[in-house]
Q: 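Structure below; questions to follow.
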There are 4 protein chains.
Amino acid sequence: MSGNQKPARRDAAATQRRILDAALSEFATQGHGGARVDRIAEAAGVSKPMIYSYFGDKEELYKAALKESYVQIRQGERAIDTDHMSPEDAIRELVTFTMHHFISKPWFTSMLNTENLRKGVTVQEIDDLNDIQSPLISQLGEILDRGVAEGRFRPGVDPTELYITIASLCFFPVSNKYTLRVVFNVPIDDAWLKRRAEDAGRMVLCFLRPEPDAGSG
Amino acid sequence: MSGNQKPARRDAAATQRRILDAALSEFATQGHGGARVDRIAEAAGVSKPMIYSYFGDKEELYKAALKESYVQIRQGERAIDTDHMSPEDAIRELVTFTMHHFISKPWFTSMLNTENLRKGVTVQEIDDLNDIQSPLISQLGEILDRGVAEGRFRPGVDPTELYITIASLCFFPVSNKYTLRVVFNVPIDDAWLKRRAEDAGRMVLCFLRPEPDAGSG
Amino acid sequence: MSGNQKPARRDAAATQRRILDAALSEFATQGHGGARVDRIAEAAGVSKPMIYSYFGDKEELYKAALKESYVQIRQGERAIDTDHMSPEDAIRELVTFTMHHFISKPWFTSMLNTENLRKGVTVQEIDDLNDIQSPLISQLGEILDRGVAEGRFRPGVDPTELYITIASLCFFPVSNKYTLRVVFNVPIDDAWLKRRAEDAGRMVLCFLRPEPDAGSG
Amino acid sequence: MSGNQKPARRDAAATQRRILDAALSEFATQGHGGARVDRIAEAAGVSKPMIYSYFGDKEELYKAALKESYVQIRQGERAIDTDHMSPEDAIRELVTFTMHHFISKPWFTSMLNTENLRKGVTVQEIDDLNDIQSPLISQLGEILDRGVAEGRFRPGVDPTELYITIASLCFFPVSNKYTLRVVFNVPIDDAWLKRRAEDAGRMVLCFLRPEPDAGSG
DNA sequence: TATGAATGAGTCTTCATTCAT
DNA sequence: TATGAATGAAGACTCATTCAT
């Protein structure tokens, strides 16, 4: 009845959150150079001075948004419980999950692109990023170890490299869907990407499989 | 009477080229929002009005640069002659070549990123892009057909999808090397990427191999 | 029931003082246009609303600081007891004192400069300023009278003008020391200024001395 | 007939001059912190980007204005020909001139005040300032030498110090006229300042005169 | 053809000031 | 009394674009 109720005011933490969310969205959709502080302020429902008071300047805000994108990614990644799965299923699950991740959180791939366009100037200044991703790598390492122990995977595969492989296969079609559509006339939609994830899983497993010749030799 | 005609006649084409090269470099390194017309003019060694007179406005210049990046890419791709290779070698060669391509022409991946950040607004307006890439796809198709005929590859693989797979494996570590370095502490250099290309080739071939079970069934 | 009353009662006066001191320092070092309310609040150890509640706005605070600078100056000036000195010694003492005054209270010359840059807009609105300086003028008047009576000074010298002369000789090298150093390569330090004060005293006394010709005529 | 004719456009040198004049006026009347680039642009009849294009930023513009104030001062000072005057008349002339100088070019005293409020941060970065003032000092030196040779002045007076003395006596009442008016109720106008200059001349000459005792001893 | 000169419309950032508790 | 939270208005500076020659 009382009409549009403004989001809670006079709540520093909440305000900072709103700014951060708005910033992440703006930087992800517009890039670093194209992002506008005005738009962030408006989207967050605050005045511009708030942004400067809480985050310093545009660059610092960008840094916070970049870090936030990693933090949010991590929160999603922790959710998968692969312990009770077979090594193959675990890998398939991780590939599916990664693809879904990139699709459902488009600001993440965008932030990666934006930051790499800038040659990683900012990412270098963020601490703890290593920590943020390490649980995922550990999880992969465990799956690999298990697979090797069970004779399903060949040994000597580095979990980080494996992750980069999985990410590669999922990242490219999601991140570049707009140009791919035009250049190759491919209707990149969720169904297409789902098939892609399946193929990717197959490819990764094929790559992990022990050499058949070795066994028969 | 016709006054000083120091500047060579027919400079028009050369001037346009210099502008285009400078624009490609600027857009690729700075992104669409971060690119500066001033810098392009200076790098091209022309005055700003020249740019406007030749290209209209910044957006049109960007479009020309984007198209140019595809044109230059195509010129490189035409060079590989895979006809005399075995299907496997041909695939390996294409993977190696693609990786080398992305590494040696960083403006291409950058332009892809930039344009996809913009949701492909501009790429849609460029005609002929399909033509530009189609020779590559045809080439891949021929290799696939040959491999299937020789019983080395399984049938039913779409050449476009195969290209996307190859591109995926090469694109991600090149395009995201700055963030990868920081986040995973991986020293992504040419040697690392070369190993990557080898793994990628192995993976793709593994994916193309006919089902062993099918043969034994 | 009355809750936590940690902050001492009757802090009001002390708080106002701290604000005033901080303001004086800020306005003197930064000028009117360069002064920042934030800095004053921080230096005073209070929140900004306190300043506004006590002083109204920045302009009023500036007015208070300007007046305060005159008040503090007066307090210093009252301290000199010249009654028991010879008229010459009294003048010398006043010159020395004035120079020392300007040196040791740099905010005073700064406030004068600041206010005169503003064409005295604010000083006009302060009452009682005349009273503040009058004791000094009276004192000078007495010294002059005594000197004339004793035949050491010529008559007809206006004490206000004499004060302006003394102030002139002391003010310029102190107030403009930074530019003088650079423009004339003069190492203006305390020793240099002390010599200056001695010369100034000599000059003033020379100016006050009865015309030798007149006596001999 | 053709109405208000705008000042010459498309003339870089003239535009720079207009900006510099406007800047000098603005900085002198508003101080460094109070000066507004907008106002300078408007007063100069140009758009703001012109200012930035020609002078870099506000600080550089301030530097140019400060230097300009010294340059203009020097141009005035070169005009006095004291060679044909008696040493006493030459000194009197210089004092009169200096006073007139400060009165008729109020931006000079204002710039001195402004810059000294800033502790000379900028003046240090200007080269050649020494050169600018040195002709005046040389001139004073010659007058002193001549006076000493003619037995009218005592030896050992440093020309720079003498200039500082003259400047002191003229600067203070001009620069601080607004506060002096209020604090001492003195009607500081041109007539008053003229009398001041005469007194100042008398004082300086008295200071330069050889010790009578020395002569009689 | 070519360009130095010029600018309207932003874009980031700051500051005096007020609100809500 | 006291202050953390908040902002309208303005300030310095930039940028794509056009004008005049």
Side-chain angles (χ1 to χ4, degrees), chain A residues 8-16 33-41 45-59 61, chain B residues 3-12 15 33-41 45-59 61, chain C residues 3-12 15 33-41 45-59 61, chain D residues 8-16 33-41 45-59 61:
Chain A
R9 302 278 142 169
R10 304 270 154 192
D11 179 342
T15 301
Q16 272 173 268
R36 294 292 168 260
V37 176
D38 290 59
R39 276 199 294 258
I40 295 173
V46 302
S47 61
K48 278 184 289 173
M50 284 283 84
I51 293 178
Y52 289 92
S53 146
Y54 285 127
F55 292 91
D57 62 9
K58 188 185 177 181
E59 179 60 28
L61 181 57
Chain B
N4 53 347
Q5 41 160 285
K6 287 285 170 56
R9 301 280 175 75
R10 214 174 267 267
D11 255 6
T15 302
R36 296 289 168 260
V37 176
D38 286 62
R39 275 198 295 257
I40 295 173
V46 302
S47 64
K48 278 184 291 174
M50 282 279 79
I51 292 178
Y52 286 91
S53 127
Y54 280 128
F55 291 89
D57 62 8
K58 187 184 177 182
E59 180 60 28
L61 182 56
Chain C
N4 52 343
Q5 41 162 289
K6 286 284 170 57
R9 302 279 175 77
R10 215 173 266 264
D11 254 4
T15 302
R36 295 291 168 258
V37 175
D38 287 61
R39 275 197 295 256
I40 295 173
V46 302
S47 64
K48 280 186 288 174
M50 281 277 82
I51 293 178
Y52 287 89
S53 126
Y54 280 130
F55 291 90
D57 63 9
K58 187 185 179 183
E59 180 61 28
L61 181 57
Chain D
R9 304 276 141 170
R10 303 271 153 189
D11 178 343
T15 301
Q16 272 173 268
R36 295 289 167 260
V37 175
D38 289 60
R39 274 199 296 260
I40 295 173
V46 302
S47 62
K48 276 183 291 173
M50 285 283 85
I51 293 179
Y52 290 94
S53 148
Y54 284 128
F55 292 91
D57 62 8
K58 188 185 176 182
E59 178 61 27
L61 181 57

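Throughout, a chain's letter reflects where its sequence line sits, starting with A, and its residues are numbered from 1.
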Q: Can you tell me if A/Tyr54 touches the phosphate of F/dA6, counting only side-chain N or O atoms and a distance under 4.0 Å to OP1 or OP2?
A: yes
Q: Looking only at non-hydrogen atoms, find the nearest pair between B/Tyr52 and B/Val37 and report the distance.
A: OH-CG2, 3.7 Å
Q: Taking side-chain hydrogen bond (donor to acceptor under 3.5 Å, both in side chains) as the definition, give me every residue that meets it alongside B/Arg36, ordered by chain and number, with sequence neighbours left out.
A: none
Q: If you round to the nearest 0.5 Å, how far is CG of D/Leu61 from CD1 of D/Ile40?
A: 5.0 Å
Q: Would you give a per-nucleotide map of nucleotides 14-21 of chain F, 5' to 3', where B means the base has a protein non-hydrogen atom under 4.0 Å away, S means only the sugar-phosphate does, and - means neither?
A: BBSBBBS-
Q: Compute the angle between the rotation axes at the two ends of the helix from E/dA2-F/dT21 to E/dT21-F/dA2, each taken over five pairs, rounded to 10 degrees.
A: 20°
Q: Expressed as a whole number of angstroms, how long is the span from D/Asp11:CG to E/dA5:P?
A: 9 Å
Q: Could you state the atom-to-atom distance from CZ of A/Arg39 to P of E/dG10 in whole Å?
A: 12 Å
Q: Roughly how far, to the nearest 0.5 Å, is the OG1 atom of C/Thr15 from the OH atom of C/Tyr54?
A: 5.0 Å
Q: Might you point out which heavy atoms bring D/Ser47 and D/Ala41 nearest each other, and give the distance in Å?
A: C-CB, 4.2 Å
Q: List for me each residue that meets side-chain contact (heavy atoms from CB on, under 4.5 Å) alongside D/Asp38, sequence neighbours excluded, and say none if there are none.
A: D/Lys48
Q: Not counting sequence neighbours, which residues clear side-chain contact (heavy atoms from CB on, under 4.5 Å) with A/Ser53? List them please.
A: A/Met50
Q: Name the residue closer to the 5' end of DNA chain F, choosing between C/Gly45 and A/Met50 according to the nucleotide with the nearest heavy atom.
A: C/Gly45
Q: Output the rounded distance in Å from CD1 (D/Ile51) to P (F/dA12).
A: 10 Å
Q: Respond yes when some side-chain nitrogen or oxygen of D/Thr15 is under 4.0 Å from OP1 or OP2 of E/dA6, and no when none is.
A: yes
Q: Calculate, to the nearest 0.5 Å, the distance between atoms CD1 and NZ belonging to B/Ile51 and B/Lys58 respectively.
A: 11.0 Å
